[in-house]
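To start, the structure under review is shown below, and the notes come after it.
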Protein chains: 2
Amino acid sequence: MPSGERRTTLADVAAEAGVSVALASIVMRGAPGAGAATRQRVLDVAGRLGYRPDSRARLLRSGRSHLLGVVFDVRHPFHVDLLTGLYAAADTAGYQLTLSAVTPRRDDRTALAGLLQDRCEALVLFGPRTPVAELAGISARLPVVTLMRGVRHRGLDVVRTDDRRGSQLAVDHLVALGHRRIAHVDGGRSHGSAERRQGYRDAMRRHGLEASARVVPGGSGEDDGARAARLLLDEPPTAVTVFNDLCATGLLDVVRRHGLRVPDDLSVVGYDDTAFSRLAHIDLTTVAQDIDTMAAQAITRAVARIEGTPVAHREVLLPPRLVVRGTTATAGSSPGRRAGPPDPPRR
Amino acid sequence: MPSGERRTTLADVAAEAGVSVALASIVMRGAPGAGAATRQRVLDVAGRLGYRPDSRARLLRSGRSHLLGVVFDVRHPFHVDLLTGLYAAADTAGYQLTLSAVTPRRDDRTALAGLLQDRCEALVLFGPRTPVAELAGISARLPVVTLMRGVRHRGLDVVRTDDRRGSQLAVDHLVALGHRRIAHVDGGRSHGSAERRQGYRDAMRRHGLEASARVVPGGSGEDDGARAARLLLDEPPTAVTVFNDLCATGLLDVVRRHGLRVPDDLSVVGYDDTAFSRLAHIDLTTVAQDIDTMAAQAITRAVARIEGTPVAHREVLLPPRLVVRGTTATAGSSPGRRAGPPDPPRR
DNA sequence: TTGAAAGCGCTAACAC
DNA sequence: GTGTTAGCGCTTTCAA
């Protein structure tokens with residue numbers, strides 16, 4: 001019956017070990033100032049009693065919480081992937097993470113409010129939809145680091161991938177394969193959409209291909225990709241860069257049903273290196289964001305702000321990386337599957 | 001500069017409003033026992049000062065935390081999907097969730113330890129790999145609800161899908177389509193593997209098909225599916241049920257490359273209804289678990305244990321549901337894509 | 001309806 | 001080395 005006895009407190013341990021609470025506290029924290037024998041005895045008793053320090057009481061007293069609040073969206077696989085690196089980085093920096101999720105039924109504001117009550121020392125927000133004014137208001141009380149969203153405000157730190165550069169990498173890759181008629185499927189109102197489109201435009205211009213540039217309305221979903229494919233089909237290009245991977249799979253499906261072979265007739269580049277892109281079945285060439293560095297930078301920033309370390313720039317722009325898989329090939333290439341190795345190692 | 005002033009406390013609000021802290025506390029909690037005018041005044045001051053109650057201090061004093069600890073694994077999309085329903089259910093029950101993630105670099109034990117310090121009133125564990133003995137030990141101190149793992153222990157609550165029944169649904173579906181030579185790709189050491197295999201065996205026997213039953217070693221990854229496909233290829237059945245969706249995609253990829261058409265030459269049923277299975281490109285017939293009910297049941301259980309409400313059974317077994325998509329068709333069917341509606345209504 | 005006082009479990013000064 | 005004292009921000013008796 002769990003509700004029966006009170007749980008073991010530091011006082012219980014101290015009493016059992018025959019020392020004062022303060023001394024027991026010193027031992028439990030691993031702080032200097034306790035005899036070796038005593039230390040061992042207290043530790044033994046604590047273990048035997050199944051003692052677990054109460055982090056709340058501990059933090060309440062010590063003022064600091066060493067807690068970093070994280071808001072992520074369960075719908076975005078990329079967010080979830082980021083958590084791995086974030087935990088590792090926080091651990092290294094000596095901080096704990098407290099997670100609050102955004103779900104289809106739980107918005108940004110709710111997720112944020114929960115963290116604010118938990119007395120986090122800083123907030124790490126994954127692609128927040130919260131208005132900048134609101135974020136700014138919060139950042140007046142505690143440091144806020146924004147990931148994957150280019151908010152421009154002097155109180156907010158931003159860590160994001162250079163999406164413009166990412167699109168350029170995609171176009172450069174296709175041009176190197178001999179493509180000239182390269183289209184771009186837009187992301188609509190999604191974050192990063194404008195940057196990715198601009199990167200495409202820049203690259204086309206740089207290659208002297210502005211004349212054959214073509215931007216088709218798309219979006220972030222599979223449906224959007226399918227719709228874009230139909231628009232493209234009247235006068236198909238030889239290659240296309242797509243806003244993101246999910247949209248790209250929608251496009252792939254439609255063009256294949258219309259008899260186009262990928263990559264023989266059409267090369268396709270996605271964006272984000274979403275988990276499913278790696279499936280042998282999809283095997284999508286895509287632009288990857290450097291997840292681990294993003295995570296590390298976010299934590300570094302947050303900690304620097306908390307501890308008052310000077311930080312040069314408010315915004316960290318990370319270089320993207322092209323992951324070449326099976327949906328891109330040389331322009332006008334003959335049928336046949338590429339012979340290369342499946343995937344470069346990750347992580 | 002966020003580090004400047006101390007944050008507003010209840011004492012500040014009380015002082016500013018000219019009342020005692022105790023009274024201010026009553027107002028902030030919405031507890032009865034304060035005059036309407038006073039109530040309004042305190043609320044106004046709190047709003048003006050941007051006061052946020054400190055949950056830690058509050059919980060420390062009141063003893064109860066109304067906090068439910070959740071351990072999930074970032075690698076499992078299914079876990080992430082569950083969070084949505086879990087937040088909703090917890091909210092309804094008047095509890096907060098505190099999340100702790102398992103990652104490739106952060107194990108079950110670490111995730112659990114973090115929550116234990118946070119003084120959760122109960123734990124909800126998603127497919128925990130922790131040894132039963134350890135879980136049992138924890139459950140002596142606070143209620144533990146396990147999801148998606150059939151631990152048998154009198155102190156642990158279990159909420160899971162009837163995987164045996166799930167495999168049977170898959171086989172029944174295939175038999176109804178006229179298949180008789182149906183194989184099963186095993187999940188190896190993964191959780192649920194034995195149940196799913198047993199369900200397959202039961203169903204084959206029930207249909208008088210034991211003679212043509214065939215279990216091929218597989219696993220939970222795409223590679224495992226590919227390997228299984230090669231084993232199957234020497235004497236291919238007309239249909240196959242696969243341990244999970246990821247394994248199924250690996251199998252699909254290989255059999256297609258060997259010239260087999262799906263579903264014309266081979267029907268394939270996956271398991272889990274993982275997000276990518278819905279992609280038009282993959283369009284996998286699969287067995288779905290009832291995510292929302294699982295979430296609701298988990299919370300209901302946890303809360304019942306906390307509040308001492310009697311609960312009939314330790315284990316809740318939820319019925320699975322078959323989702324028919326494009327990888328299954330009648331045995332020996334001629335080429336052509338199925339014409340039916342995309343997804344049938346539940347059950 | 002309101003306030004004073006005690007104390008949740010712990011840490012941080014300081015004394016011994 | 002070790003114990004004493006005070007108090008983090010809040011809720012909770014209990015008395016006024």
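We name chains A, B, ... by the order of the sequence lines, and we start the count at 1 in each one.
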Practice task
Assess whether salt bridge (Lys or Arg N to Asp or Glu O under 4.0 Å) is satisfied between B:D73 and B:R75, documenting all intermediate values.
Solution key: CA-CA 5 Å; B:D73 190 326; B:R75 281 161 296 191; 3.0 Å; yes
Practice task
Would you check if there is a donor-acceptor pair between the side chains of B:R106 and B:S100 at a distance under 3.5 Å?
Solution key: yes
Exercise for the section: Measure the distance from CZ on B:R58 to C1' on D:dC10 and round it to the nearest whole Å. Expected result: 8 Å
Exercise for the section: Could you tell me whether B:R305 and B:E121 make a salt bridge, using a distance below 4.0 angstrom between a side-chain N and a carboxylate O? Expected result: no
Enumerate, atom names and distances included, each donor-acceptor pair closer than 3.5 Å involving a side-chain atom of residues 17-36 of chain B, sequence neighbours excluded.
unit_1 : atom_1 : unit_2 : atom_2 : d
B:S20  : OG     : B:L23  : N      : 3.2
B:S25  : OG     : B:R29  : NE     : 3.1
B:S25  : OG     : B:R29  : NH2    : 3.0
B:R29  : NE     : B:S25  : O      : 3.3

Practice task
Give the rounded distance in Å between these two atoms: CG of B:L60 and C1' of D:dT11.
Solution key: 10 Å
Exercise for the section: With a 4.0 Å heavy-atom cut-off, tell me which residues in residues 47-56 of chain B come close to DNA chain D, sorted by residue number. Expected result: B:Y51, B:P53, B:D54
Completion exercise
Contacts of A:R52 meeting salt bridge (charged side-chain N to carboxylate O under 4.0 Å, His left out) (sequence neighbours excluded), chain-then-number -> none
Practice task
Taking only the side-chain nitrogens and oxygens of A:R29, find out if one of them lies under 4.0 Å from OP1 or OP2 of C:dA12.
Solution key: yes
Problem - Euclidean distance, atom CG of residue B:L59 to atom C1' of C:dG7 [Å, nearest integer] - result: 16 Å
Problem - Contacts of type salt bridge (charged side-chain N to carboxylate O under 4.0 Å, His left out), residue B:R160, not counting sequence neighbours - result: B:E195, B:E315
Handout entry: OP1 or OP2 of C:dG7 under 4.0 Å from side-chain N/O of B:R61
Key = no
Handout entry: A:D54/B:R119 salt bridge by N-O under 4.0 Å criterion
Key = yes
Exercise for the section: Quickly work out the B:H66 NE2 to C:dC8 P distance and round it to whole Å. Expected result: 20 Å
Fill in the blank from the handout: Rounded to the nearest 0.5 angstrom, the CG-CG distance for B:L112 and B:L123 is 5.5 Å
Practice task
Check each of B:D157, B:L82, B:L125 against B:L147 using the side chain to side chain contact (heavy atoms under 4.5 Å, CB included) test, and report the only one that passes.
Solution key: B:L82
Fill in the blank from the handout: From CZ of A:R64 across to P of D:dG9 the rounded distance in Å is 15 Å
Practice task
Can you sort out which residues in residues 30-37 of chain A have a heavy atom within less than 4.0 Å of DNA chain D? Ascending by number, please.
Solution key: A:G33, A:A34, A:G35
Problem - Donor-acceptor pair between B:Q117 and A:S55 side chains, under 3.5 angstrom - result: no
Dump every N/O contact between nucleotides 3-5 of chain C and the protein below 3.5 Å, one line per pair.
unit_1 : atom_1 : unit_2 : atom_2 : d
C:dG3  : OP2    : B:S20  : N      : 2.8
C:dG3  : OP2    : B:S20  : OG     : 3.3

Handout entry: Interatomic distance, A:D118 CG vs D:dC10 P [rounded to whole Å]
Key = 14 Å
Practice task
Using a 4.0 Å heavy-atom cut-off across all strands, classify B:S62 as base, sugar-phosphate, or nothing.
Solution key: sugar-phosphate
Practice task
To the nearest 0.5 Å, tell me how far B:R109 CZ sits from B:R129 CZ.
Solution key: 13.5 Å
Exercise for the section: Indicate whether OP1 or OP2 belonging to C:dT2 is found under 4.0 Å from a side-chain N or O atom of B:T38. Expected result: yes
Exercise for the section: Between B:A57 and A:M28, just flag the one whose closest nucleotide in DNA chain C comes earlier from the 5' side. Expected result: B:A57
